[in-house]
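Hydrogens, waters and symmetry mates play no part in the numbers below; they use all other heavy atoms, side chains included. A, B, ... follow the sequence lines: proteins, then strands. Residue 1 opens every chain.
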Amino acid sequence: MTNNPSQFALLSRILHWLMAAMLLAMLFIGAAMVASLGNYHRLVAIHRPLGIMILILAAVRLVNRMFTTLPPFPPTMSQRERFLASASERLLYTLMFALPLVGWGMLSAGHYPIVMFGPVHLPPILPANPTLYAILRKAHTILAYLLFVTFLFHLSTVLFHTLIIRDRLLNRMALWPVRSRKKTSS
Amino acid sequence: MNSSDHNSGLEPACAKLRRGSLMIRLIAISLVILGITGLFAYTAGWLTPNVLTPTRIIDRFEQVNGEHPGFRRNHAKGVCISGYFESNGQGVGLSKAVVFLPGRVPIIGRFALAVGQPYAADSAHAVRSMALLFKLPNGEEWRTGMNNIPVFAVNSAQGFYELLLASAADPATGKPDPSKMSDFLARHPESAKAIQLIRASTVSSGFGDSSYNSLDAFRFIDAQGSALPVRWSMVPCQPFEPFNAALSRASDTNQLFDALIADIHSHALQWHLIITVGQPGDPTAEATLPWPPDRRQVDVGTLTIDHVESEDASPARDINFDPLVLPNGIAGSDDPLLSARSAAYAESFTRREGESKNPSAVSTAQTGR
Ligand code: HEM
Ligand code: HEM
């Protein structure tokens with residue numbers, strides 16, 4: 001029952017939901033902190049290590065994806081939909097790497113220590129440089145908003161399939177094993 | 001488990017939805033997407049234009065001082081310094097931060113006047129500041145910005161925001177409007193008291209014989225993990241001389257900076273880092289209030305400043321002296337100014353790093369007069 005071919009592998013499903021929660025949390029923490037005076041410091045102190053955790057998990061996830069077979073697309077998805085789904089997945093993977101790397105890079109370029117927790121900090125990955133900092137800081141915002149929009153697109157298509165077409169698309173990613181049925185219940 | 005469960009794959013459940021049911025489902029999906037978007041917009045502050053944010057504070061600096069691209073939005077006029085801090089080991093019992101282990105750590109920093117206009121003439125009344133970055137051997141940093149006043153004029157970012165406008169020059173008269181200031185003081189009695197204390201303190205002759213105070217409270221965490229409330233000061237080894245207005249030359253717009261540069265060129269300047277340990281009940285969230293004068297003070301080492309450089313040549317220009325860049329063993333207190341400073345400095349830093357740089361008013365070349 002662990003390798004039901006209509007579902008993603010168990011590790012893939014766990015990584016999917018864990019990272020979905022973390023990325024969504026990061027978007028909200030990021031948006032909240034740059035608008036907050038009172039909670040800015042507390043939120044940035046969570047934002048940095050959580051973002052680096054995402055970078056590590058993104059690497060695990062990419063390797064995992066390369067070594068597992070993906071379930072086939074359901075027949076209810078048209079050629080164009082399949083293309084869009086693959087493209088948005090590739091974009092999401094790219095952003096999972098790009099956002100934390102840009103975050104780390106911009107703090108390096110801004111001459112900041114990259115504090116994780118306690119005395120633990122990361123080395124700079126770029127030289128300190130004002131223009132580089134300014135560009136990466138802007139890029140971090142743009143990429144974060146792009147992630148948010150891509151996420152909304154991803155969520156609405158899954159909801160559309162699950163609630164309107166009712167092809168049980170969501171089951172492919174369900175954390176629990178879902179038996180696929182021949183007959184529909186409705 | 002039955003094997004037919006496996007190979008069937010997902011099959012469409014395309015039985016037609018009734019119209020009503022379809023509408024409800026479409027509305028539900030739209031509500032989810034709109035709800036998340038709305039929550040995000042709210043979190044980002046887009047729906048609450050009257051709440052004070054870092055952007056709005058920095059906008060106000062630009063509103064009252066004009067735009068000066070490339071410069072700090074406050075403490076805009078300054079000069080960069082370097083040297084070292086020699087710890088005497090007396091701080092080890094107070095905090096586990098490695099900066100307090102006996103030995104030397106390199107320093108870079110910046111002296112500045114707390115003015116928003118980078119080319120303003122030096123004035124005895126402008127607040128003087130010393131900002132330092134301690135580079136610790138394990139790669140950690142301690143950044144601190146200190147002022148030469150005994151207490152801070154406001155206890156909140158909101159207070160600062162209002163004070164900026166109340167003390168801004170009226171475009172019609174070129175002078176601050178006294179009625180705006182008295183309105184502000186009536187609304188902020190804590191600032192009225194603090195400003196009295198600031199006015200009552202005697203101003204020294206220059207940067208070199210000033211004391212610089214953290215004003216905000218912090219916490220020192222020792223090796224056992226227990227925390228002490230502290231404030232700190234850099235107390236000069238140079239003898240105090242009161243500011244002498246008769247000696248000041250109105251024609252010399254950089255007189256305070258030029259004197260500092262000449263001093264450092266002739267000999268290194270030194271300060272003692274004095275830690276004041278608070279007692280339970282001492283206000284830690286009130287930068288407008290002094291602590292009682294009998295609090296324990298510990299001299300934890302000596303700062304030596306032996307180099308001075310124009311902002312145009314120093315990496316310190318492109319450093320954000322964020323007061324919450326702290327090593328393990330030093331932490332912020334419940335003072336709301338700390339997080340607000342962190343946020344506002346980041347916004348000021350981001351703006352100025354993206355702008356083309358203009359030469360600093362203070363040059364180290366043309367001094368020695
Ligand atoms: C993994 C995904 C990440 C996401 C989704 C994310 C998201 C965000 C968002 C939405 C903002 C607010 C942008 C704005 O409105 O201008 C932000 C700002 C920021 N992020 Fe990230 N971020 C991520 C990773 C990181 C990492 C790894 C670091 C550092 C190690 C980092 C450091 C920062 C900093 C320092 C700021 C802004 C601080 C300021 O200018 O005041 N981020 N981030
Ligand atoms: C909410 C209150 C405050 C606001 C909004 C504020 C604002 C600012 C801004 C915008 C800068 C320029 C930052 C940069 O671009 O790097 C600055 C610099 C500075 N502030 Fe504040 N400040 C506040 C409170 C304080 C307090 C309580 C102190 C106490 C000592 C202080 C000391 C300094 C110093 C020393 C600098 C200069 C750092 C340097 O030379 O780079 N500020 N402030």
Side-chain angles (χ1 to χ4, degrees), chain A residues 1 3-6 24 27-28 31-42 44-45 71-72 74-76 110-113 115 118-121 123 128-131 133-135 137-138 148 151-152 155-156 159-160 163-169 171-172 179-186, chain B residues 1-2 4-15 17 22 25-26 28-29 32-33 36-37 39-40 43-46 51-55 57 98 138-141 157 315 317-320 322 324-325 327-329 332 336 338-340 342-344 346-347 349-350 352-355 357:
Chain A
M1 65 166 273
N3 52 2
N4 179 343
S6 67
L24 206 55
L27 285 170
F28 277 88
M33 76 192 185
V34 296
S36 169
L37 291 159
N39 292 317
Y40 176 82
H41 177 69
R42 211 167 307 149
V44 180
T76 45
H111 213 304
Y112 285 99
V115 180
V120 179
H121 54 268
N129 178 293
T131 313
Y133 167 80
I135 293 170
R137 179 65 189 79
K138 206 18 55 56
F148 186 64
F151 157 73
L152 286 182
L155 177 66
S156 36
L159 287 178
F160 186 81
L163 290 176
I164 311 288
I165 305 183
R166 291 180 301 156
D167 55 4
R168 299 198 182 83
L169 189 68
N171 285 351
R172 289 154 58 84
R179 292 189 290 154
S180 41
R181 280 166 289 174
K182 269 213 143 67
K183 296 248 159 63
T184 55
S185 50
S186 62
Chain B
M1 191 158 281
N2 179 335
S4 71
D5 285 331
H6 285 178
N7 43 32
S8 54
L10 281 161
E11 291 221 335
C14 286
L17 280 168
L22 179 68
R25 283 160 190 243
L26 280 173
I29 295 174
V32 169
I33 301 298
I36 295 175
T37 310
L39 200 60
F40 189 75
T43 308
W46 300 334
V51 172
L52 191 56
T53 63
T55 309
I57 291 218
V98 298
N138 64 350
E140 286 184 285
E141 288 186 10
R317 182 193 64 188
D318 298 306
I319 284 174
N320 169 0
D322 176 338
L324 289 174
V325 171
N328 198 32
L338 286 171
S339 181
S342 223
E347 177 64 20
F349 181 71
T350 297
R352 63 190 174 87
E353 295 300 89
E355 297 161 346
K357 302 286 184 179

Margin query: Heavy-atom cut-off 4.5 Å, strictly under: side chain, backbone, both or neither for B/Leu338 against chain A?
Written below: neither
Note to self: Between A/Phe148 and chain B, with a heavy-atom cut-off of 4.5 Å, which part of the residue counts as in contact: side chain, backbone, both or neither?
What the structure shows: side chain
Margin query: Is A/Asn129 in contact with chain B via its backbone, its side chain, both, or neither, using a 4.5 Å heavy-atom distance?
Written below: neither
Next item on the list: Check whether any side-chain N or O of A/His121 sits under 3.5 Å from a backbone N or O of B/Asn138 as a donor-acceptor pair, and report yes or no.
Entry: yes
Next item on the list: Name the region of B/Pro336, side chain, backbone, both or neither, that has any atom closer than 4.5 Å to a heavy atom of chain A.
Entry: neither
Next item on the list: Find the one option among A/Val115, A/Leu27, A/Val44, A/Ile135 whose heavy-atom pairs under 4.5 Å with chain B are most numerous.
Entry: A/Leu27
Margin query: Using the rule given for side chain to side chain contact (heavy atoms under 4.5 Å, CB included), can you reason through A/Val34 versus B/Thr53, listing the C-alpha separation, both sets of side-chain angles and the distance that settles it, and then say yes or no?
Written below: CA-CA 8 Å; A/Val34 296; B/Thr53 63; over 6 Å; no
Next item on the list: Kindly give the heavy-atom pair with the smallest separation between A/Ile164 and B/Leu17, and that separation in Å.
Entry: O-CD1, 3.6 Å
Next item on the list: Look at B/Ala344, B/Ser342, B/Gly45 and state which one has the largest set of heavy-atom pairs under 4.5 Å with chain A.
Entry: B/Ser342
Check: Where is the tightest heavy-atom contact between A/Pro119 and B/Asn328, given as atom of each residue plus distance?
Finding: CD-ND2, 3.2 Å
Check: Between B/Gly354, B/Gly139, B/Pro315, which shows the greatest number of heavy-atom pairs under 4.5 Å with chain A?
Finding: B/Gly139
Next item on the list: Any chance you could lay out the side chain to side chain contact (heavy atoms under 4.5 Å, CB included) test for B/Asp318 and A/Tyr133, step after step, and finish with the verdict?
Entry: CA-CA 10 Å; B/Asp318 298 306; A/Tyr133 167 80; over 6 Å; no
Notebook entry, point to check: With chain A, which of B/Ala157, B/Pro54, B/Ala44 has the greatest number of heavy-atom pairs at distances under 4.5 Å?
Noted result: B/Pro54
Notebook entry, point to check: Relative to chain B, which segment of A/Phe28 carries a heavy atom at a distance below 4.5 Å: side chain, backbone, both, or neither?
Noted result: both
Notebook entry, point to check: Just by distance, do the side chain of B/Thr43 and the backbone of A/Ala32 share a donor-acceptor pair under 3.5 Å?
Noted result: no
Check: To the nearest 0.5 Å, what is the distance between NE2 (A/His111) and CZ (B/Phe349)?
Finding: 9.0 Å
Note to self: For a quick test of reading the model, state the closest non-hydrogen atom pair linking A/Pro113 to B/Glu141 and the distance between them.
What the structure shows: CD-OE1, 3.6 Å
Notebook entry, point to check: Going through the distances and angles, do B/Ile36 and A/Leu155 end up as a side chain to side chain contact (heavy atoms under 4.5 Å, CB included)?
Noted result: CA-CA 11 Å; B/Ile36 295 175; A/Leu155 177 66; 3.5 Å; yes
Margin query: I'd like to verify something: which residue of A/Thr131, A/Leu152, A/Leu37 has the highest number of heavy-atom pairs under 4.5 Å with chain B?
Written below: A/Leu37
Note to self: Looking only at heavy atoms and a cut-off of under 4.5 Å, which of A/Pro123, A/Gly38, A/Ala45 has the most pairs with chain B?
What the structure shows: A/Gly38
Checklist line | Check against side chain to side chain contact (heavy atoms under 4.5 Å, CB included), B/Leu324 and A/Tyr40 | finding: CA-CA 11 Å; B/Leu324 289 174; A/Tyr40 176 82; over 6 Å; no
Notebook entry, point to check: Given a strict heavy-atom distance threshold of 4.5 Å, which part of A/Val120 is in contact with chain B: side chain, backbone, both, or neither?
Noted result: neither
Checklist line | For chain A, the option from B/Val98, B/Val325, B/Leu39 that forms the most heavy-atom pairs under 4.5 Å | finding: B/Leu39
Checklist line | Among the listed options B/Leu22, B/Asn320, B/Thr55, the residue most often paired with chain A at heavy-atom distances under 4.5 Å | finding: B/Asn320
Next item on the list: Flag the pair B/Arg25 / A/Arg166 as yes when at least one side-chain heavy-atom distance between them is below 4.5 Å, and no otherwise.
Entry: yes
Check: chain B heavy atoms under 4.5 Å from A/Leu24: which part of the residue, side chain, backbone, both or neither?
Finding: neither
Check: What part of B/Val51 gets closer than 4.5 Å to chain A, counting heavy atoms only: side chain, backbone, both or neither?
Finding: neither
Item checked: Interface moiety of A/Ser36 toward chain B, non-hydrogen atoms closer than 4.5 Å -> backbone
Next item on the list: Please state whether the side chain, the backbone, both or neither of A/Phe151 comes within less than 4.5 Å of a heavy atom of chain B.
Entry: side chain
